[in-house]
Amino acid sequence: MVGGIIKDVGNISSNKTGSWRTFRPVVDKNKCIGCGTCKMFCPDVAIEIVDGKAIIDYDHCKGCLICKSVCPVGAISSEEEAK
Amino acid sequence: MSSEVISSGHSACAGCGEIMGERMVLEAIGKDVIVCQATGCMEVTTTPYPKTTFKVPWVHVTFENAASVASGVVEADRKLGGDATVLAIGGDGGMMDIGFRALSGALERGHDILVVITDNEAYMNTGIQRSSGTPKYASTTTTPAGKVIPGKLQWKKNIARIAVAHGAPYVATASVGFPQDLAAKVKKAKSIRGPKLIHLFTPCPVGWGFDSSKTVYYAKKAVETGLWPLYEVEHGKLKIDQKPSFAPVEEYFKGQKRYKHLTPELIAEIEKHVKDRWAELEKQEAAGINLQLLP
Ligand SMILES: Cc1ncc(C[n+]2csc(CCOP(=O)(O)OP(=O)(O)O)c2C)c(N)n1
Ligand code: SF4
Ligand SMILES: [Mg+2]
């Protein structure tokens, strides 16, 4: 017996968890070396490295700021989210 | 955005170490996997039917039987000529307490499965109740530190050693603070036939009471202080993967609400315990004992 089957894998991405955020991580593209450390630790899979720079998906980033704390070159800062 | 194995949009808390660990494990395994997931935060926050974060075959099983379901899945897969990595994954509550009998049975029968325990040291999904994985003197809602007790009174259950005692050919500890080490262990486990177990340290900002940005900090500090040794036991032979700097354990406790009641005496007791355990660990490695043959 099977309770239920979900065929549309990863369909939870329609949940826009970016609305949870109280602080917003901001990447300084001049400092970012594209090492991917932030991406590796992001619990929300909300960071991509594009053309050698970290890009944050603000639709899903919950603002935990792990990225800011692990960045080896201090390229990520944070700003209070506008209400 | 999404990775190969999970997508954004799940409702694990901001800074959750457990979903971080589960993704790292799945990325290291790759797409040819069948996940048997025990109840807990990693089921509730990832898969509110009809939605899921997972992009690989994944089945939610009850709280107590992830290892039993994985046993059946792997036997069926092999009969059908498959060679998928069958992963039984669950929390400390799911694997070390309530699913422990199922886990013991699966290890003893010797199925070709990988077991990963994502250990956040309490029953987080139901509100931070103590488990056998909760460390000594941690305050939880069922071991509240106060006038009567200084948090949990027992040491943490040593589940990795219990797996070794079952004769499992590969057992390792890991921490989300060291993703390369974790990935290497997952890949090693994949290459070995039979039951494998990885005990993975996954800090929980909500249950431990620390700022969500500090998950990786604590995952590293636990290792650096010696509280969470990184080692592996392959066919009974112990290998220590990282010798800690033995930073004072206090550095790890600081900033965690579950430990804010700790007195210098309690800290000294834990510090001594860490040193004693490390002395034994190093003796065993140096002696090259086959831990599976120990009577
Ligand atoms: C048989 C049974 N008992 C109790 C529960 C309620 N329950 C659901 S999740 C959970 C806690 C899970 O703890 P753990 O395995 O450590 O995972 P975590 O939530 O910490 O990730 C409990 C007690 C249940 N689902 N089934
Ligand atoms: S309670 Fe802890 S383990 Fe559960 S989703 Fe939140 S951070 Fe993760
Ligand atoms: Mg738990």
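All heavy atoms count here, side chains included; hydrogens, waters and symmetry mates do not. Below, read A as the first sequence line, B as the second, and so on, with proteins coming before strands; counting in each chain starts at 1.
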Toward chain B: residues of residues 21-34 of chain A with heavy atoms under 4.5 Å: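 Heavy-atom contacts from residues 21-34 of chain A to chain B are absent.
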
Strictly less than 4.5 Å between heavy atoms, which residues of residues 37-44 of chain A line up against chain B? Please order them by number.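 So the qualifying residues are Lys39(A), Met40(A), Phe41(A), Cys42(A), Pro43(A), Asp44(A).
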
Criterion side-chain contact (heavy atoms from CB on, under 4.5 Å) against Ser8(B), the qualifying member of Ile47(A), Val45(A), Asp59(A):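 So, applying the side-chain contact (heavy atoms from CB on, under 4.5 Å) to Ser8(B) and each of Ile47(A), Val45(A), Asp59(A), only Val45(A) qualifies.
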
Under a 4.5 Å heavy-atom cut-off, does chain A meet the side chain of [X], its backbone, both or neither?
X: Val176(B); value: backbone
X: Ser11(B); value: both
X: Thr202(B); value: neither
X: Ile6(B); value: both

Return the minimal non-hydrogen interatomic distance between [X] and [Y], and the atom names on each side.
X: Ile12(A); Y: Thr46(B); result: CD1-O, 3.5 Å
X: Ser13(A); Y: Ser7(B); result: N-OG, 4.0 Å
X: Val9(A); Y: Thr52(B); result: CA-CG2, 4.3 Å
X: Asn15(A); Y: Lys51(B); result: OD1-NZ, 2.9 Å

Check: Lys214(B)/Ser69(A) side-chain N/O donor and acceptor closer than 3.5 Å: no

Verify, without hydrogens or angle tests, whether Ser213(B) (side chain) and Leu65(A) (backbone) share a donor-acceptor contact under 3.5 angstrom. no

